[in-house]
Amino acid sequence: MAKIHLAARQKNMAENLEQSMTVEYLGETLIYVLSGKVLPERANVNLPKSIAMKILPGRTIPEGSMVFVTVICSQISMVVHSRGEIADLQALAHECEGMCRMIVDCLGFLLTCGYDIEITQVSGTGGLHVVYGVQPADLRPIPFSDDSFQDSFERLVTVPRAYQLAYRRALADYREAIRSFEDTAFFCYRAVEDLRQVFVENERSKEAQTWERLWEAMPVVEDARAYVKDVIRPLATGNRHGEGTLISRQQRLEMLEKTSKIIAAFVDWAWMQKAATSS
């Protein structure tokens, strides 16, 4: 019965998609098909219907284009009917991922399930086919070679116990900054705030004082400190209060680079603190 029910749902979704693709759309278009997965795949996620979205101004996808989203057996299909060529395929993936994440989050909220998603590839006319990687850029906050990779990794994994809670949270937020284009500033700033908590001496500590202790303790270059205050913080504050501030890919890479260097500097500081107390 379960298989019959699923087959009927898939048929209805296909019919819904076919019908929706005739709504509010006229004229010649370029078609991009993005594929991905809902994680964990074993959850076997199915949207109850296909979703059609019309693109507003201010995005990589041209205004007035349509995006159709289906999820069957945790497999994501996003068909973009674009009113023009899209040169930046990485930005296309980020925008589509944001749309799809909101849709799947609605289902997760309804079912009280913590789903995640990933967009893995895009294909289009003229033989276009790109498989997306997991690395936004070749950023190396801690330089390493093939020979030194294991030592660098062990140094990160074995950060002194006294600092592991703040450090773990900073790494978790930095991971989300890598994964979420739209929320890069929010998670980068929160990663630095996680590290700041180490320098809170008591409940009466003023925020400005803890920031000063953080910057005094870590040998980061002055421009990283200023960048957090003048660039990342205002954008993160806007995100935290519900503003949908758009950033460029270059801005995103700069935020990731500055934040990664701060986390790396914290690791150096933590080891120096252990060495000082052990001597």
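Only heavy atoms go into these numbers, but all of them, side chains included; no hydrogens, no water, no symmetry mates.
- A donor-acceptor pair under 3.5 Å links the side-chain atoms of Gln251 to the main chain of Ser248, judged by distance alone.
- Here the side chains of Met53 and Met66 are not in contact, with every heavy-atom distance at 4.5 Å or above.
- Side-chain N/O atoms of Glu193 and Gln197 include no donor and acceptor closer than 3.5 Å.
- Proximity of a side-chain donor or acceptor of Ser82 to a complementary backbone N or O of Gly84 within less than 3.5 Å is detected.
- Looking at Tyr115, its side chain never comes within 3.5 Å of a backbone N or O of Ala43 through a donor-acceptor pair.
- The minimum heavy-atom distance between Asn44 and Cys73, with the atom names listed, is OD1-CA, 3.2 Å.
- With contacts defined as side-chain heavy-atom distances shorter than 4.5 Å, the pair Lys274/Trp271 qualifies.
- Residues Glu207 and Arg196 have side chains in contact (heavy-atom distance under 4.5 Å, counting atoms from C-beta outward).
- Between Tyr32 and Thr125 there is no side-chain heavy-atom pair separated by less than 4.5 Å.
- In this structure, CH2 in Trp211 is found 6.5 Å from CZ in Arg233, a value given to the nearest 0.5 Å.
- The shortest distance between side-chain heavy atoms of Arg155 and Asp268 falls below 4.5 Å.
- Not one N or O on the side chain of Tyr167 forms a donor-acceptor pair closer than 3.5 Å with the backbone of Ala162.
- Between Arg252 and Ala177 the shortest heavy-atom distance is NH1-O, 2.8 Å.
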**OP:** Give the intermediate values and the outcome of side chain to side chain contact (heavy atoms under 4.5 Å, CB included) for residues Glu97 and Ile117.
**Re:** CA-CA 8 Å; Glu97 181 178 301; Ile117 73 162; 3.8 Å; yes
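- Contact between Arg101 and Asp116 at its shortest, heavy atoms only, is NH1-OD1, 2.6 Å.
- Remark: side-chain polar atoms of Thr259 are not paired, donor with acceptor, to backbone N or O of Leu256 under 3.5 angstrom.
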Subject >> Full working for side chain to side chain contact (heavy atoms under 4.5 Å, CB included) between Val33 and Met78 >> reply: CA-CA 6 Å; Val33 180; Met78 302 187 71; over 6 Å; no
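- Residue Thr70 holds its OG1 atom at 10.0 Å from CD1 of Ile51, rounded to the nearest 0.5 Å.
- For Pro234 against Val231, the heavy-atom pair with the smallest separation is CD-O, 3.3 Å.
- Checked against Leu47 for a side-chain contact (heavy atoms from CB on, under 4.5 Å), the options Val71, Ile76, Ile72 give a single hit: Val71.
- A donor atom on one side chain and an acceptor atom on the other are found under 3.5 Å apart for Gln75 and Glu41.
- By the criterion of side-chain heavy atoms lying less than 4.5 angstrom apart, applied directly or through intervening Ile, Leu, Val, Met, Phe, Trp or Tyr residues, Leu165 is not grouped with Leu156; the two fall into different hydrophobic clusters.
- Side-chain contact between Leu171 and Arg175: absent, with no pair of heavy atoms (C-beta onward) separated by less than 4.5 Å.
- Ile55 contributes atom CD1, which lies 4.5 Å from atom CD1 of Ile61 (distance to the nearest 0.5 angstrom).
- Remark: of the listed residues Val192, Asp223, Leu253, Asp223 is the sole one forming a side-chain contact (heavy atoms from CB on, under 4.5 Å) with Lys258.
- Aromatic pair Trp215/Phe199: centroids not less than 6.0 angstrom apart.
- Between Lys229 and Glu212 there is no salt bridge, since none of the side-chain N atoms of the basic residue sits less than 4.0 Å from a carboxylate O of the acidic one.
- Atom CZ of Arg169 has 12 or fewer neighbouring heavy atoms from other residues, nucleotides or ligands inside a 6.0 Å radius.
- Listed here is the closest heavy atom pair of Asp173 and Arg190: OD1-NH2, 2.9 Å.
- Taking the six-membered ring for Trp and thresholds of 30 and 60 degrees, Phe144 and Phe149 have ring planes more than 60 degrees apart, a perpendicular arrangement.
- Rounding to the nearest 0.5 angstrom, the gap separating the OG1 atom in Thr184 from the CD1 atom in Ile247 is 4.0 Å.
- Checking Ser65 against Arg83 by side-chain atom types alone, no donor-acceptor pair falls below 3.5 Å.
- Contact of the Tyr132 side chain with the Val122 side chain is registered, since non-hydrogen atoms from C-beta on lie closer than 4.5 Å.
- Under the 4.5 Å side-chain heavy-atom criterion for grouping Ile, Leu, Val, Met, Phe, Trp and Tyr, Leu39 is not connected to Phe109 through any hydrophobic cluster.
- When ring centroids are compared, Phe68 and His81 come within the 6.0 Å threshold.
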**OP:** Any chance you could lay out the side chain to side chain contact (heavy atoms under 4.5 Å, CB included) test for Ile178 and Val134, step after step, and finish with the verdict?
**Re:** CA-CA 9 Å; Ile178 293 173; Val134 296; over 6 Å; no
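- Within the model, atoms SG of Cys96 and CZ of Arg59 stand 9.5 Å from one another, a figure rounded to the nearest 0.5 Å.
- The backbone N or O of Gly108 sits nowhere less than 3.5 Å from a side-chain atom of Thr112 that would complete a donor-acceptor pair.
- When all heavy atoms of Asn46 and Leu107 are compared, the closest pair comes out as O-CD2, 3.9 Å.
- Going from atom CD of Glu85 over to atom CG of Leu128 covers 9.5 Å, rounded to the nearest 0.5 Å.
- Counting only distance, with no hydrogens or angles, the side chain of Gln121 and the backbone of Leu34 share no donor-acceptor pair below 3.5 Å.
- Under the 3.5 Å distance criterion, the side-chain polar atoms of Ser74 are matched with a main-chain donor or acceptor of Val45.
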**OP:** Applying salt bridge (charged side-chain N to carboxylate O under 4.0 Å, His left out), run through Glu201 and Arg213 and close with a yes or a no.
**Re:** CA-CA 10 Å; Glu201 296 178 349; Arg213 295 189 194 111; 3.3 Å; yes
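- Checking side-chain atoms of Asp183 against main-chain N and O of Phe186 turns up no donor-acceptor pair under 3.5 Å.
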Original post:
Where do His94 and Glu182 land on the side chain to side chain contact (heavy atoms under 4.5 Å, CB included) test, with the steps shown first?
Top reply: CA-CA 8 Å; His94 290 314; Glu182 295 178 345; over 6 Å; no
